[in-house]
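Worksheet: the structure to be examined is printed underneath.
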Amino acid sequence: MKENEKKVENRDLRVYPVKIDESKLNVVKKYPLLPIPFFMVLLGRVKAGKSTLLNSLCLSPRFYGDDFQVKILISPTLEDPAMIHIKEHFDFVFDEYSETLLDEIIDMVENDQNDNRYLLVLDDAITSNFVQTKSGKIDAFSSLITRYRHTTNHKTGKEGMLSIILTLQYFKYLTPITRTMAMGLVICGELSDAELKKISEAYDFFGGNSKKFMELYRQCRIEPYDFCFLNVDSMEMRRNFDAVVWSKDDAKPQLETITEERPESQKENEKKDLKE
């Protein structure tokens with residue numbers, strides 16, 4: 001028994017990275033914004049600044065304005081004056097969501113002969129009808145969110161051809177799946193204490209607990225139109241897109257210490273695995 005224990009102790013059980021052909025993933029780095037492809041949620045009540053933010057994200061070259069060849073909008077509030085520029089510059093505009101429409105959009109992306117990258121915006125199109133039942137059945141949009149990153153152009157074989165922005169007024173409209181899969185959440189305007197409590201509990205990994213999250217969130221909301229940007233991909237909380245309020249790098253010194261203490265044999269094995 002002791003002899004077997006010694007063998008286990010001497011065995012290298014470290015898990016090493018898998019070599020991946022990143023050219024097929026079609027990733028575009030946009031830090032401090034989310035990398036493409038992405039699923040981003042803009043949350044806020046009426047007149048919270050969501051439409052203004054949406055215009056910048058979708059149309060300005062400082063954000064994602066030049067990154068997508070085809071842009072699709074689904075919004076029941078197309079007549080909102082703040083949406084006029086988006087309507088003019090988007091390739092396809094629909095005033096009503098349906099699962100049939102969603103299927104047609106996915107088919108368009110997958111069978112595009114020109115290798116275009118797509119942006120799909122659902123503006124206040126999500127309602128309480130988007131739910132996950134107790135039996136586990138989910139709606140088509142929630143199902144798409146679990147696999148959108150792997151939406152592939154059949155001609156080129158490239159993944160990551162679809163990115164999605166979802167705007168909504170109530171956090172409760174996010175199913176557990178869409179909440180988990182969101183790479184970034186932007187919280188705009190004023191929300192009720194009850195709503196903020198739910199958000200703080202769902203995203204308490206920013207700061208470590210719900211109470212700390214709320215303290216950090218208040219640092220993001222100084223001026224009337226400030227928003228809180230939770231970048232789940234890079235684990236940062238920002239006031240607008242500028243100032244970092246909290247980052248996972250706060251724990252970096254401890255992680256570096258652990259890395260330095262790794263045996264040389266493990267470091268060599270890691271290099272071998274990456275070459276294979």
Side-chain angles (χ1 to χ4, degrees), residues 25-30 33-44 50-51 53-60 63-78 83 86-87 89-112 116-127 129-132 138-153 158-171 173-188 229-234 241:
L25 299 182
N26 204 23
V27 174
V28 180
K29 296 180 180 180
K30 299 287 290 187
L33 302 175
L34 299 178
I36 300 171
F38 61 80
F39 169 44
M40 182 189 300
V41 177
L42 309 185
L43 174 67
K50 298 196 305 297
S51 296
L53 180 57
L54 194 61
N55 272 269
S56 290
L57 288 171
C58 299
L59 304 180
S60 173
F63 294 90
Y64 298 108
D66 294 336
D67 293 306
F68 299 96
Q69 291 72 48
V70 181
K71 300 175 184 179
I72 304 171
L73 171 68
I74 304 176
S75 174
T77 58
L78 291 176
M83 299 297 289
I86 288 181
K87 286 168 57 179
H89 292 87
F90 269 50
D91 303 278
F92 300 94
V93 176
F94 304 93
D95 61 4
E96 186 176 354
Y97 168 87
S98 71
E99 294 193 349
T100 300
L101 174 59
L102 190 64
D103 289 339
E104 291 175 353
I105 291 171
I106 300 306
D107 185 68
M108 187 192 311
V109 178
E110 293 177 338
N111 294 290
D112 191 314
N116 288 317
R117 186 180 287 114
Y118 285 69
L119 173 64
L120 172 61
V121 176
L122 291 92
D123 179 44
D124 285 336
I126 297 294
T127 68
N129 294 325
F130 293 76
V131 296
Q132 181 174 350
I138 58 175
D139 61 273
F141 180 74
S142 296
S143 177
L144 169 63
I145 291 304
T146 65
R147 54 187 169 83
Y148 80 96
R149 293 177 62 83
H150 302 293
T151 304
T152 305
N153 181 298
K158 286 184 180 180
E159 295 186 356
M161 304 307 295
L162 175 67
S163 292
I164 301 171
I165 296 178
L166 171 67
T167 80
L168 70 169
Q169 296 186 33
Y170 298 98
F171 185 67
Y173 287 166
L174 285 176
T175 65
I177 289 176
T178 52
R179 187 184 307 168
T180 301
M181 296 301 295
M183 292 173 62
L185 172 67
V186 179
I187 308 172
C188 306
F229 174 41
L230 303 178
N231 188 329
V232 180
D233 182 72
S234 61
F241 291 124

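Sequential numbering from 1 along the given sequence is applied to the chain's residues. Values reported hereafter were calculated over all heavy atoms of this structure, with side chains retained and with hydrogens, waters and symmetry mates removed.
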Q: Answer whether the closest heavy-atom distance between the side chains of Leu53 and Phe229 falls below 4.5 Å.
A: no
Q. Do the non-hydrogen side-chain atoms of Ile165 and Leu120 ever get within less than 4.5 Å of each other?
A. no
(Q) Looking at every non-hydrogen atom in both residues, tell me the closest pair between Arg179 and Leu174 and how far apart they are. (A) NH2-O, 3.4 Å
Q) Quick one: are Met108 and Phe92 in side-chain contact, heavy atoms under 4.5 Å? A) yes
(Q) Between Tyr148 and Phe39 (side chain of the first, backbone of the second, donor and acceptor by atom type, cut-off under 3.5 Å), is there such a pair? (A) yes
Q: Decide yes or no for Glu110 and Thr152: does some side-chain heavy atom of the first lie under 4.5 Å from some side-chain heavy atom of the second?
A: no
Q: Report yes or no: does Glu159 contribute a side-chain atom to a donor-acceptor pair with the main-chain N or O of Thr151 at less than 3.5 Å?
A: no
Q. Is there a donor-acceptor pair closer than 3.5 Å between any side-chain N or O of Lys71 and the backbone N or O of Leu119?
A. no
Q | Test: Asp67 and Lys30 ion pair at under 4.0 Å | A | yes
Q. Is there a side-chain contact between Asp123 and Leu42, using heavy atoms and a 4.5 Å cut-off?
A. no
Q: Before giving the answer on side-chain contact (heavy atoms from CB on, under 4.5 Å), spell out for Gln169 and Lys50 the whole-Å C-alpha distance, their side-chain angles and the decisive distance to 0.1 Å.
A: CA-CA 10 Å; Gln169 296 186 33; Lys50 298 196 305 297; 4.2 Å; yes
Q: Mind checking the CE-CD1 spacing from Met161 to Ile106? Nearest 0.5 Å is all I need.
A: 12.0 Å
Q: With the side chain counted from C-beta on, respond yes when Leu43 and Val186 share a heavy-atom pair under 4.5 Å apart, and no when they do not.
A: no
Q. When you measure from the side chain of Ser143 to the backbone N and O of Asp139, does any donor-acceptor pair fall under 3.5 Å?
A. no
